[in-house]
Amino acid sequence: MDLDDIFTASVFASAIRLATPYIFAALGETFAQRSGVLNLGVDGIMLMGAFGGFYAVHLAQTAGVMAEPLALLLGVLVALVVGGLMGLAMAFVSVTLQAKQGISGIGVYLFGLGLSELLFQQWVGTPKSVAGFPRISFPILTDIPILGEIFFHHNLLVYVAFALVPLSAFVLNRTTFGLMIRAVGQNPEAADAMGVSVTRVRYATTIIGGMLAGLAGASLSIALINLFQQNLTAGQGFIAVALVYFGGWRPLAVAAGAMLFSFVNALQLQIKVIGADIPSEFAVMAPYVITIVALVFATKRQEQPTALTKPYERGE
Amino acid sequence: MNQAVGTSLAARLNRLVDFAPVLVALLLALLVSSVLLVALNADPLAAFGFMLEGAVGTENATAETLVKATPILFVGIGITIAFRGGMINIGGEGQMIAGALAGTTIALALGDARVPAEMAKAPGAFDLVIVASALGGGFLAGALYGGLAGFLKAYFGVNEILSTIMLNQIAVQMMNFLLNGLLLDPAVAGFNNIPKTARLVTAAQLPRLALPLGDPWVFARTRLHWGLVIAIALAVVIYIFLWRTSLGYRIRAVGENERAASYAGIHVKRQMMLAMFLAGGFAGLAGVVQVLGLQYRLQTDGSPAGFTAAAGFNGIVAALFGGLNPIGAIPASAFFGGLLVGAQKMQREIGVPASLITAVNGLIVVFVVSSEIFILQRSKRRVSLQETPLAPARASAKRADSPDPADEPTAEEAG
Amino acid sequence: QDVFRVAAVAPSATNDLAFSQSMYDALVAIQMQMGEDNFQFDFQDGTFIVDDAAVALREWAASGDYDLVIAHGSQFGSVVEELAGEFPEVSFAWGTDFNTFGMDNVSAYNAAADQGGFINGAMAGMMTRSGVIGVVGPIEVGDAKLYVDGFVAGVGAVSEATVNVVYIQSFSDVPLATEAAETHIANGADVLTGTAQMVVGPIAVAIENGARWFGTQASQAELAQGAGVAFQIYKWDVVLAEIIANIQAGDLGGQSYELTLENGGLVIEIAG
Amino acid sequence: MNNPKTHLLPTGHARIESLTMSGIVKRFPGVLAADKIDFNVRSGEIHALLGENGAGKSTLMKMLYGLYHPDEGEIRINDKPATIKSPIDAIQRGIGMIHQHFMLAPSLTVAENIALGMKSSRGFQLDLDVVSQRVIELSDTYNLKVDPRLPIWQLAVGEQQRVEILRALYKGAALLILDEPTAVLTPQEVAGLFRILKQLAADGHGLVFISHKLHEVLEISHRVTVLRDGRRVDTIPTRQATRPKLAEMMVGRPVLLEYAKNPPDPREERLTMRDVSALSNRGATGLDAVSLRLRSGEIVGIAGVSGNGQQELAQCITGLRDVTAGSVMINGRDVTNAPPAALHAIGLSYIPEERMIDGVIKEFSVAENYVLQDHGHPKYTAARVFMLFNKIREACRRAIHLFEIKTPSTETLVKSLSGGNIQKLVLARELSRDPGVLIAAQPTRGVDIGATEYIHKQLLEERDKGTAILLISEDLDEIRALSDRIAVMYEGRIVGEVVNENVDIEQLGLLMTGGE
Ligand SMILES: Nc1ncnc2c1ncn2[C@@H]1O[C@H](COP(=O)(O)OP(=O)(O)OP(=O)(O)O)[C@@H](O)[C@H]1O
Ligand SMILES: Nc1ncnc2c1ncn2[C@@H]1O[C@H](COP(=O)(O)OP(=O)(O)OP(=O)(O)O)[C@@H](O)[C@H]1O
Ligand SMILES: [Mg+2]
Ligand SMILES: [Mg+2]
């Protein structure tokens, strides 16, 4: 077997697509965790976002009341709102009510998993596809050999996801809001004493995390797969949480982790397609193994939020 | 004193009232769920009636609740150890699978070796050697798998949340691979069956559990098995281990404060690995007990939950609900088991989709865990009202001229 | 009192366009045939957890209210084996498998999925222009493997086309199945097929890339608009009717049944 | 308001003419931390707040700053009732606070910690370069040196204290509360701080100053309020106060302020360090070829400005930091890079500088903390496995009595003890282990005079019993009061060693700041 057959341009393009939902969700989770909130419910929120976005587009398109781009925009908005609401609920439960985050997150996950499927069954029935975000063809760029296929033939949400990476890094490291987030996640007492509202910051990040998780879901249901089915995300939200740890809470490294994981996944599919004789089980296992191995050898610069999972209450 | 009786009764009532928030939370969760039910044209009252009935309504229901709770409890005990050692173990699923793979292999091999073919299906041929070896092997395999995450954390700084989530997937693929090959039931090889091992001989099975409380014995015709007893006994053992032994102390010390622990001469890395080793071991036990006590063979539908019934995750919930105390994990897993089993009954009886059940379970988990703050606040308030302030030591200290104890403010004055 | 009562568990949702739906549709079809006064059924879906199914099956068996208890999913075999021993007066059916455990109250049913697979494959082989065909499978067992093997044989019988097969090790992972299909397309496939409930993803990929789609288990024609060519449909009602008739005649089981093209249990639906 | 201009301070804050707390009551579980306390502070005044550990000083001030809320009582600002719900309210009303337990986020830089919660000159974007510039100016003006780009975790405690002070100065406040700001400062820094405080007072700020050092209180304050066990003992003008009087008001009995010290009687060598080097947290040179000898029956004091290698020195001896070159011997055995457990076994005890992080486990009970090292010792275990909590509690109870540790019970979690009592617990534990060598790092930092007296007496007694004691302290008074020999550390090296009898303070100060 030839290496050229394995490392094709399409594998790289495939990795970029696969990484998209992880990047959205993991960036959102990075915000939440940086402020001290571990949201294990990401997968459930993704599902709700995926369904919300899908359903909005489905309705708009079947009713034909809207121009295509508007319908898609509506889908994105609905996903953001649904995700934001789920994030708000998570924030209320874990910040205001100080519930243990490990459990409340699992509760949110179950709720999202169940409700998205229920609504889908009641309102839609069987899987139906929508016309999702089309692949964009850029003049000239798309036609560049190899590079064009890898980078310049994706749908809009893919680009949004990757654009969010430096933006998130900027917000976290270079803005007053980001400073508050980092302080609140490290030493909420100190932030509080400096007049930063721990509650408000954590609400904000958890809601942002929810919105991005919702968008992650929508990137599947109205951009990459263009339909909804029960448990559409197949546990991607949990992998996204893991990737936050992989990246040591730094957006760039988190995205790098998402890319590595997705790349190995794309690679294993390619290797199977071209007929390599390795057991499927090991092929499917590969991204997980390599992600761990990579972290073993990576130099770990971490920005561990020490107050992670710890509800804040003044010492009264 | 009469008054003393009065106060202790009041105190006890007070403590009972503590659980009121949980009940209120449950009711609220059910109320919200009712909205969903009504939207589906179902009668919420009847629905929740079925839920309760399904959880504890009959002998069989109660048994099923306990059967469901058993692996959750095993995992919950392990998660408790891990958390106490400062390790967040999301790897219960994978460790269960590791334990089940090893335990089943041992049970099958020893079953072949120790039980003559003609006896293999004879009832009551319980063989302690086989069962104990399988349980031990399951524990060890789970422990090594969990310990791997501990090792990676201790020596390579690989975050355990990341590694355990990844190791779960790896374990599933390992299981799929082995069950479809090496461990495949020879009787069905070549038939394209679902990947599964051969069935355990009776001697290798955990016996069913019944209580001599009537005739026939209670639970005699249910699937309740000795796994529950083992789990409860181990919960007590681990309680003692954590709070009464020096090794347990070391694990907790590392979990609370690594720096102070290393100052105290505790080998921090070793405790991390040990905590994960034990946590994995208990998850491994959960896995092997599911096979030996319930399913009698290991099979896979390709996903982890098909085998583990998500006990690896639910154990986290049980451990946290149980206040990270192995004894507390017992009622917590029973509650959770009842919730899961009862919900299934509700689905069956009123014919709502399974997804509704999942959503309702999520609501209940969220509401109940949110109610804890109200319990906490009540108990805090009580402490501040009841206890006398400042150190008793002070009054009795050997300072000749220590202030008159009467000088100290007392609760009465304060309150 | 002559109502025939059936209870069934199935691992995924009743509208999965695949395995569970095929059984649900069959029960509905039987009810239509026999009439609601004569046939009623309880159906618990989403019991991908074997123990949950076991609880339901045990309860139904113990209640004595049902003439037939169906465990739809080959992972339920052990449970059926045990319950059938414990409740010899209750009739059980399960699949997909042939094994009745030598018991008189167990029926097993199976689908000769390779038959329709062969036909689908032969059509695909004739249809492909690029000479590359992609298959997305779940795990390499059961009727999934049967179907895929039949499909590959069918292609081989009519053409020299390459068939690339990927098993993604999951019945439900839609994103991965989708990307597997994309990978097929990137490697030149212009015809796709697949089995299990995650095929909705590959179907969408086929539509988007102008590839043709062959399906199995249930009709996916509506979803696969434009791309769909042919679907092998499981008509479990064919074997169910037989099983029911036998039970009504006092024969609780002991046989295994198979859906075939010949007995009408397998039907190839050609998309309109 | 007639002319608002006269009400403005140079920092732009509105003057707080008077702030009055009356009848303040605050309860914590099991503790009445404030019992009908009356307190007031005026513009232009430095009001000292004195009291033993746990007397309620910090609690009272946290209520002013909005971190705690009084259960009863009233706060009035400029004669108008004021509720202070949170630090945000406090900050808006012009109240600032330097916290006893530093309010700093460890992974953030100095500049980031200071910028936190403030408006940026660039809107939503951080202006750290601007902040850093201003911090450097301030630190030059007030001689409080820190590098604004370093993250807090790389700073020694003294440096962190400087950051706290700089931040308060940076933000400015009409009323500034300073909760033990001098505990970890050098004499020079204290002098510098006092100049600032006097200037602030002269400008019309109000200041509350908390310290356990009586001479500081006498030097800087106008009035003194003494608290004891949550009650106000009295408020008096400072000029009517003397050290013995204040001490007695605080403790409720006369306190020894000088110790009679027996002549030293050093015997065999217990600790020998030869050319020991180690890295600092920053990865730079922390210890640079340090050699040191410590004999049975003597106290050697290590003087120096915080951050000059004292912490590294202690950690190299106690096995908590890798020695990169050189050797450490205890009782003639080479223990270079030996694990802490092995060191405990041959009789090394250590009172760590950061007691809240290194010395205790806050979530553990007093009794559990009492056996932090000895939890597996045969005398506390059955078969070395099962811990005998009755025995542990009994031993702990004895220690509580002996060391006068204020705690409701042996089962109380350490996190709810006051700092001084935690320190006594650590001391009690370390001494109970009958050490041959004791490393005491800042043993009385933040500890009240009663307890300080007690700890000092214990250390001297221990020395007379033949223990070899290495006393690391930034408090020169303490070093002078206890040590037999004094070594001075500067930039990771020992730059001089003198015998205590004939020490020249000027010379010490010079050595500490790197002068020859
Ligand atoms: N989402 C799912 N979760 C769990 N189990 C599933 C799921 N979908 C299908 N299964 C089960 O996995 C088993 C795989 O076995 P097998 O392939 O022999 O038969 P099958 O059920 O017909 O498979 P398929 O689902 O591909 O039709 C099936 O018994 C099926 O019930
Ligand atoms: N958050 C809290 N929860 C419970 N008890 C507390 C809390 N904060 C303070 N206390 C208790 O209140 C009392 C007063 O504590 P406070 O910190 O005000 O003392 P302090 O005078 O500042 O002592 P120190 O000199 O040691 O700083 C102590 O007994 C302390 O244990
Ligand atoms: Mg204080
Ligand atoms: Mg103090």
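Numbered from 1 within each chain, the chains take letters A, B, ... in sequence-line order.
- If you measure heavy-atom distances from D/Val371 to chain B, the contacts under 4.5 Å come from both the backbone and the side chain.
- Although no hydrogens or angles enter the test, the distance criterion places a donor-acceptor pair under 3.5 Å between the side chain of D/Asn337 and the main chain of D/Val323.
- Residue D/Thr412 holds its OG1 atom at 11.5 Å from CD1 of D/Ile405, rounded to the nearest 0.5 Å.
- Put simply, of D/Thr381, D/Asn369, D/Val360, the one with the most heavy-atom pairs under 4.5 Å next to chain B is D/Val360.
- Aromatic ring orientation, D/His375 versus B/Tyr249: parallel (interplanar angle below 30°, classes split at 30° and 60°).
- Heavy-atom distances place no part of D/Arg433 under 4.5 Å from chain B, backbone and side chain included.
- Within the 4.5 angstrom heavy-atom criterion, only side-chain atoms of D/Leu320, from C-beta onward, approach chain B.
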*Report the C-alpha distance between D/Leu417 and D/Lys406 in whole Å, list the side-chain angles of each, state the deciding distance to 0.1 Å, and finish with yes or no for side-chain contact (heavy atoms from CB on, under 4.5 Å).*
CA-CA 8 Å; D/Leu417 299 194; D/Lys406 259 197 258 174; over 6 Å; no

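- Options B/Ala261, B/Gly248, B/Ala253 differ in how many heavy-atom pairs under 4.5 Å they form with chain D, and the most are formed by B/Ala253.
- The contact between D/Arg384 and chain B is made entirely by backbone atoms, counting heavy-atom distances below 4.5 Å.
- Interface remark: D/Glu354 contributes side-chain atoms only to the contact with chain B (heavy atom separation under 4.5 Å).
- The main-chain N or O of D/Ala55 is never found under 3.5 Å from a side-chain atom of D/Asp229 such that the two would form a donor-acceptor pair.
- Ranked by heavy-atom pairs shorter than 4.5 Å toward chain B, the options D/Phe389, D/Tyr380, D/Phe364 are led by D/Phe364.
- With chain B as the partner, the residue from D/Gln315, D/Arg397, D/Met387 showing the most heavy-atom pairs under 4.5 Å is D/Met387.
- In this structure, D/Tyr454 and D/Phe403 have perpendicular ring planes: the angle between them is above 60°, well past the 30° mark.
- Within a 6.0 Å radius of CZ in B/Arg270, other residues, nucleotides and ligands contribute 12 heavy atoms or fewer.
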